[in-house]
Amino acid sequence: MFLCWCLSLVALIPLTTSINPGVKVKLTAKGIEYGRQLAVASILQKLKTIKLDDMSGKVRVSRIGKVKYRLRNMKMVDVGLPTAALDLVPGTGPKLSIVNANFRLHGNWRVRYRFIKDKGSFKLNGDDISFSTSLSIKSDPTGRPAVSSIDCGANIGKMSVRFRGGASWLYNLFKKKISRAIQKAMQKKICPLVANAVSDLNNNLKTLNVLAKVDKFAEIEYSMVASPAVSKTSIDLSLKGEFYNTGKHQEPPFSPAVFSLPPQINNMLYIGVSSFTMKSAAFVYNTAGALRLSITDNMIPKISRIRLNTQTFGAFIPQIAQRFPGLMMRLVVKMAKAPVIMFEPNNATVQSFASVTAYAIQPNATLTPLFVLNLVSSVSARVSVSGTRLAGAVTLNKMDLTLGTSYVGRFPVSTLNNIIRAVLNFVVIPTMNVQLAKGYPLPTLGKMNLVNTQLLVLKGHLMIGTDVQFTG
């Protein structure tokens, strides 16, 4: 299935390329080996299901004459695929080759010679079997990837049969002719079964999250934006890696920059996530109005001495207490523009530009505006992989306040620094972290698990190194 996942990404390549990727995926030799094991296991199970049709005919035996025979109930009892290779052909794609394969087959025989009828069993051994196939990936009518086997060739080097019971001595006189007949029939069976095993992978391909839902606001697209770079040791894939508002694909006013993954070989898979992907997320959530928070006093911890009421704010801005005595307040934090995400080695930061509007809540629940602050803040981000999702958490670094508009006269904004900082730490940051902890899905297929995962923050992008396991 791991091989299937990688090939499914290749199937999504558009006819033309014009943009840089937001996400890159590198499949290493270690990952290719895991894919080979899964592919061989799938083919092995198919080969074990081989059943040959009953065979009958006449054979002339020296000094005896014509003998009529019939072989029936031929079933595979064992298959061995000791040597298998999954090679990458630069500029082409994967090629699966298996050599030194073998099988064991049992069946029954019947013979008729003149007035003599007899029956028994036989055992057939096939050795030095080899076959290879190249893989073709296309899109099906629904736009999903479909994989198929092409250029398949099979050869059975050695075949031996031994008849037992009854007049088996008679069958053993012409067993070479029988072996050739069975060999020919078997060779015709191998490639169709290999093709069938490859075709069965299409059921799994339908689970590929090419367009993955994040939440009610957003989804992320993982279609290919360039042909894969295939070398002898790895496959490098370029994915769009862009967030969109759910059901509405609006391009942001910025484009992904060129980035590359540093050479790595320890894990099966490396995923590079550029700052563009994160910026597109910020753009989408800001466009959707999701980066807006209305804060009331009941959201402030009870142990805090800072309360959202005109008494607390009136201590710093006396005219508020004078004009609106004894009222509760509401703060509305709203992004002025999408936050800016920056990745530097071992450091991820987010800079945001917001407005903070303060309201007095009148007894009839109407809101009276008091002032509007301009808030520029910087937070440090901790990014992690949770399951198959990329998650995060932030902590406040610094903030800067300026007065935008005042409805109560001028006042020194610096007197509100402690209050606004407390509101950010008590409410805004924790609210953000609850959402960031949910994360967003990485490109996956079916019941794919990421194990031995490591994450590095590099200049302009994140790099995730991971091994892969499939369950179920």
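These numbers come from the heavy atoms of this one structure, side chains and all, not from hydrogens, waters or symmetry mates.
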Legend entry - Check: L375 and M399 side chains under 4.5 Å, non-hydrogen atoms: yes
Inset, instruction - Kindly say whether V394 contributes a backbone atom to a donor-acceptor pair with the side chain of N433 at under 3.5 angstrom? - result: yes
Legend entry - Heavy-atom side-chain proximity of R330 to L308 below 4.5 angstrom: no
Inset, instruction - Count the heavy atoms of every other residue, nucleotide or ligand shown that sit under 6.0 Å from CG of L396, and state whether that count exceeds 12. - result: yes
Legend entry - Whether S280 side chain and F243 backbone form a donor-acceptor pair below 3.5 Å: yes
Legend entry - Nearest atoms (heavy-atom pairs only) where K46 meets L193: O-CD1, 3.8 Å
Inset, instruction - Examine the side chains of T312 and N309 and answer whether a donor and an acceptor come within less than 3.5 Å of each other. - result: yes
Legend entry - Straight-line distance of M328 CE to R307 CZ, nearest 0.5 Å: 7.5 Å
Legend entry - Side-chain (S134) to main-chain (D151) donor-acceptor, under 3.5 angstrom: no
Legend entry - Partner set under side-chain hydrogen bond (donor to acceptor under 3.5 Å, both in side chains) for S149, not counting sequence neighbours: T133
Inset, instruction - Look only at the side chain of T349 and the backbone of S380, and say whether a donor-acceptor pair between them is shorter than 3.5 Å. - result: no
Legend entry - K337 to F353 six-membered ring, cation-pi geometry met (6.0 Å, 45°): yes
Inset, instruction - Determine, step by step, whether M186 and I129 satisfy the side-chain contact (heavy atoms from CB on, under 4.5 Å) criterion, reporting the C-alpha distance in whole Å, the side-chain angles of both residues, the deciding distance to 0.1 Å, and the verdict. - result: CA-CA 11 Å; M186 281 292 297; I129 301 168; over 6 Å; no
Inset, instruction - Report yes if the side chains of V332 and S294 come closer than 4.5 Å at any heavy-atom pair, otherwise no. - result: yes
List, one per line, each side-chain donor-acceptor pair under 3.5 Å for residues 409-428, sequence neighbours excluded.
unit_1	atom_1	unit_2	atom_2	d
T415	OG1	P412	O	2.7
N425	ND2	R421	O	3.3

Inset, instruction - Work out which heavy atom in A101 is nearest to a heavy atom in L81; give both atom names and the distance. - result: CB-CD2, 3.6 Å
Legend entry - Results of side-chain hydrogen bond (donor to acceptor under 3.5 Å, both in side chains) for T296 - residues two or more places apart only: N298
Legend entry - Step-by-step side-chain contact (heavy atoms from CB on, under 4.5 Å) determination, H461 to L261: CA-CA 9 Å; H461 66 279; L261 295 177; 4.2 Å; yes
Inset, instruction - Report the distance from atom CG of L269 to atom NZ of K26, rounding to the nearest 0.5 Å. - result: 10.5 Å
Legend entry - Backbone of N266 reached by a side-chain donor or acceptor of K30 within 3.5 Å: yes
Legend entry - L367 vs I361 side-chain heavy atoms within contact, under 4.5 Å: yes
Inset, instruction - State, yes or no, whether a side-chain contact exists between K24 and D236 at a heavy-atom distance under 4.5 Å. - result: no
Inset, instruction - Classify the angle between the aromatic ring planes of H249 and Y244 as parallel (below 30°), tilted (30 to 60°) or perpendicular (above 60°). - result: parallel
Inset, instruction - Could you list the residues that satisfy ring-ring contact (aromatic ring centres under 6.0 Å, His included) with F283, not counting sequence neighbours? - result: none
Legend entry - T28 side-chain N/O to N267 backbone N/O, donor-acceptor pair under 3.5 Å: yes
Legend entry - Salt-bridge criterion met for K95 and D87 (N-O under 4.0 Å): no
Legend entry - Minimum heavy-atom distance between L291 and A282, given as atom pair plus value: CD1-O, 4.0 Å
Inset, instruction - Mark yes or no for whether R389, through its side chain, and K438, through its backbone, hold a donor-acceptor pair below 3.5 Å. - result: yes
Legend entry - Backbone of T444 reached by a side-chain donor or acceptor of N209 within 3.5 Å: yes
Inset, instruction - Return the minimal non-hydrogen interatomic distance between S355 and V372, and the atom names on each side. - result: CB-CG1, 4.2 Å
Inset, instruction - Flag the pair E242 / F276 as yes when at least one side-chain heavy-atom distance between them is below 4.5 Å, and no otherwise. - result: yes
Inset, instruction - Apply side-chain contact (heavy atoms from CB on, under 4.5 Å) to M268 and N452, showing your working. - result: CA-CA 10 Å; M268 295 180 182; N452 303 323; over 6 Å; no
Legend entry - Pairwise distance CG(L450) to CD(Q469) - rounded to 0.5 angstrom: 10.0 Å
Inset, instruction - Any chance you could lay out the side-chain hydrogen bond (donor to acceptor under 3.5 Å, both in side chains) test for T453 and T466, step after step, and finish with the verdict? - result: CA-CA 4 Å; T453 303; T466 184; 3.1 Å; yes
Legend entry - Residue pair T366 / N364: nearest heavy atoms and the distance that separates them: OG1-OD1, 2.7 Å
Inset, instruction - Sequence neighbours left out, what passes side-chain contact (heavy atoms from CB on, under 4.5 Å) with S384? Give chain and number order. - result: A391
Legend entry - Distance-minimising heavy-atom pair for V383 and L390: CG1-CD1, 3.6 Å
Inset, instruction - Would you please name every residue forming a side-chain contact (heavy atoms from CB on, under 4.5 Å) with S42, sequence neighbours left out? - result: A197
Legend entry - Residue pair K279 / P252, side-chain heavy-atom distance below 4.5 Å: no
Inset, instruction - Report yes or no: does Q319 contribute a side-chain atom to a donor-acceptor pair with the main-chain N or O of V408 at less than 3.5 Å? - result: yes
Inset, instruction - Find out whether F103 and I50 are in side-chain contact, i.e. whether some heavy atom of one side chain is under 4.5 Å from a heavy atom of the other. - result: no
Legend entry - I464 side, atom CD1; Y270 side, atom OH - distance, nearest 0.5 Å: 12.0 Å
Inset, instruction - Please work out which of the three classes, parallel, tilted or perpendicular, describes the rings of F371 and F313, given edges at 30° and 60°. - result: tilted
Inset, instruction - I would like to know whether K334 and T357 meet side-chain contact (heavy atoms from CB on, under 4.5 Å); could you show each step before the answer? - result: CA-CA 8 Å; K334 183 180 179 180; T357 304; over 6 Å; no
Inset, instruction - With rounding to the nearest 0.5 Å, note down the distance linking CZ in F131 to CD in Q187. - result: 12.0 Å
Legend entry - Any donor-acceptor N/O pair, T277 side chain to G22 backbone, under 3.5 Å: yes
Inset, instruction - First locate atom CG of L47, then atom CG of D78, and finally report the distance between them rounded to the nearest 0.5 Å. - result: 11.5 Å
